[in-house]
Amino acid sequence: MIQTGLIQSAHNDLVTDVAYDFYGLRLASCSLDQRIKVWQLDESNGNWSVEDDWKAHDATVSKLSWAHPEFGTILASASFDRTVKIWEQTSFASTADSQSNGAGAGSPTSGGSSRWVERAVLVDARGTVRSVEFAPHHFGLKLATVSSDNHVRIYECLEQSSLATWQPSEEIDVSTLPSVSLSSSYSVAFATPTQTSATLEGASATLVAQALQQSQNPVTQGRPGLGNREADGGWCISWCKDRYWGEIIAAGCGISGTIKIIQLSTSRRPMALLTLDPSPSPAGLPAEAGTSLASDGDTPTPFAITSVAWAPSCGRSYHLIATGGRDGHVRIWRVKPAEEEPDVEGEGGDPKWSANVVADFDHHKSAVGCVEWNITGTVLSSAGNDGRVRLWKATIGNVWRPAGSIGVEQSEDTQDADVNMGENAIAE
């Protein structure tokens, strides 16, 4: 049974992101109203109350990320004002001597004994910052960001005591980064993904000028779904949670509709291990209920990937990566790492990673804004512009099926007929 809660009038404008802390007892939310709110769960009655509320940026706050609690109570926020800010929760008594590191946030609305202090501002982005995510804690206090200039930037905190100094360790142009392996949705090394002219030509160019330039580009003119790169693009990142494989991040940029699996290393330049390309879609793949595949002879139009989520491995010999796009599709990729002693070697003698789609759903029938895994990587949730949060779960034989949905209206007559997992399992 799905249990839900409701926070009425959380913000004065559209909510752009919510993020649970490590323990799931606090919730941070951000909005077009430029504010961040931190909510505390009352476990006795299941109600959420505002703990802190402050104006965080000078434009829309697009994404939030909590650091692992071993580093303290730290929150990172990304914004359309082209900055990333690092916030730390501290007591009122200690804020006076911390003003030299950053401005304090607004006073809490709930009368608590804490406030959030701005510790650092990262200003390297040359476009709106669309996503931010702390690295798994075993790699140290590191942060990844992606912005509409198609660059993924990795930062490392040099002073964990003050959180004031963050050093950029990598700056990667995802749109031009070559890939070792290319993986289409249903076969390995099928085709090279289409490259688009999504890179900023100069830091001083305005977003309006960029959009106008792209709209006049004869290469992209007439293609459905493409136009203003800020409106039609997608920028997302997700870290690999498994320590064994090192620092690996999945990143999607622009309007290409592809995800690149990027390996980071201190001894060499970043390298794209694999490109996940959802097109073309051969007719040989068995279509699941709600799966939309291209008809014979059709080449699917690339739509931006707006969200990517790397599942915790939990002992699996492969990885699961979920993506959500503007085409309304939720896809689950099964990514197989390179074998230590491969039977087939690449051109340079190095083993290749491979991937294939194990599930492809279009139940949302509209753009998918967010995908996220549970803590064991066994249940996937997705949120779309249809106003529903949908759950997906693997049944017998690792066949992925709908596991229920939650509507904003919570109307009884709009419940999905796919909720009964028992029938789906028997049918298999």
Side-chain angles (χ1 to χ4, degrees), residues 17-30 36-41 43 48 51-52 54 56 63-78 84-95 97-98 100-102 104-105 108 112-122 131-146 152-170 237-250 263-266 309-315 319 372-377:
D17 190 34
V18 293
Y20 285 98
D21 72 347
F22 179 80
Y23 302 104
L25 299 178
R26 305 171 81 193
L27 185 71
S29 63
C30 58
I36 294 176
K37 292 187 179 183
V38 177
W39 308 79
Q40 179 75 40
L41 175 64
E43 296 185 79
W48 293 87
E51 184 181 80
D52 289 282
W54 70 97
K63 203 74 173 177
L64 299 171
S65 179
W66 292 86
H68 192 276
E70 75 173 65
F71 302 112
T73 308
I74 304 171
L75 189 66
S77 61
V84 173
K85 293 187 178 182
I86 310 298
W87 307 88
E88 184 182 25
Q89 187 181 31
T90 182
S91 63
F92 282 126
S94 63
T95 54
D97 58 333
S98 65
S100 59
N101 295 327
S113 59
S114 68
R115 66 185 297 167
W116 289 81
V117 176
E118 178 188 297
R119 296 299 191 187
V121 182
L122 311 180
S131 188
V132 60
E133 185 175 318
F134 281 101
H137 66 97
H138 38 258
F139 296 131
L141 188 53
K142 292 185 176 182
L143 185 73
T145 70
V146 64
V152 169
R153 294 174 174 86
I154 310 298
Y155 296 89
E156 183 174 7
C157 183
L158 301 182
E159 299 178 10
Q160 295 189 14
S161 58
S162 65
L163 300 177
T165 305
W166 291 77
Q167 175 179 292
S169 58
E170 298 288 354
I237 49 176
S238 182
W239 287 91
C240 174
K241 313 301 187 293
D242 195 340
R243 182 175 186 174
Y244 176 80
W245 300 103
E247 297 181 31
I248 299 179
I249 192 168
Q263 185 176 48
L264 307 174
S265 174
T266 56
W310 200 309
S313 62
C314 294
H319 301 279
E372 192 63 63
W373 293 95
N374 66 343
I375 194 171
T376 58

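All of these numbers come straight from a predicted model, not from anything done at the bench. Start at 1 with the first residue, then count along the sequence.
In this structure Q167 satisfies the side chain to side chain contact (heavy atoms under 4.5 Å, CB included) test together with L158, sequence neighbours excluded. For D17, the salt bridge (Lys or Arg N to Asp or Glu O under 4.0 Å) criterion is met by K63, not counting sequence neighbours. Taking W373 as the reference, W400 meet the ring pair (Phe, Tyr, Trp, His ring centres under 6.0 Å) condition, with sequence neighbours excluded. For the side-chain hydrogen bond (donor to acceptor under 3.5 Å, both in side chains) test, no residue two or more places apart in sequence or in another chain qualifies with T145. Applying the side-chain hydrogen bond (donor to acceptor under 3.5 Å, both in side chains) criterion to N374, with sequence neighbours excluded, gives T376, T378. Taking A144 as the reference, I154, I237, W239, I249 meet the side chain to side chain contact (heavy atoms under 4.5 Å, CB included) condition, with sequence neighbours excluded. Residues forming a ring pair (Phe, Tyr, Trp, His ring centres under 6.0 Å) with W39 (at least two apart in sequence, or on another chain): none. Looking at residues two or more places apart in sequence or on another chain, you find a side-chain hydrogen bond (donor to acceptor under 3.5 Å, both in side chains) between E159 and S162, T165. Shown here are the side-chain hydrogen bond (donor to acceptor under 3.5 Å, both in side chains) partners of E372, two or more places apart in sequence or in another chain: there are none. Under the ring pair (Phe, Tyr, Trp, His ring centres under 6.0 Å) criterion, H68 pairs with F22, H137, sequence neighbours left out. Looking at residues two or more places apart in sequence or on another chain, you find a salt bridge (Lys or Arg N to Asp or Glu O under 4.0 Å) between K142 and E247.
For the residue pair W166 and A120, the shortest heavy atom distance occurs at CD1-CB, 3.6 Å. In terms of heavy atoms, V38 sits closest to W66 at CG1-CH2, 4.2 Å. Nearest heavy-atom pair across E133 and S65 is CA-OG, 3.5 Å.
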Practice task
With side-chain contact (heavy atoms from CB on, under 4.5 Å) as the test, would you mind laying out the steps for I36 and W116 before giving the verdict?
Solution key: CA-CA 10 Å; I36 294 176; W116 289 81; over 6 Å; no
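Looking only at distances, no side-chain donor or acceptor of K241 sits under 3.5 Å from a matching main-chain atom of P136.
The 12-atom threshold is exceeded at CZ of F139, counting heavy atoms of other residues, nucleotides or ligands nearer than 6.0 Å.
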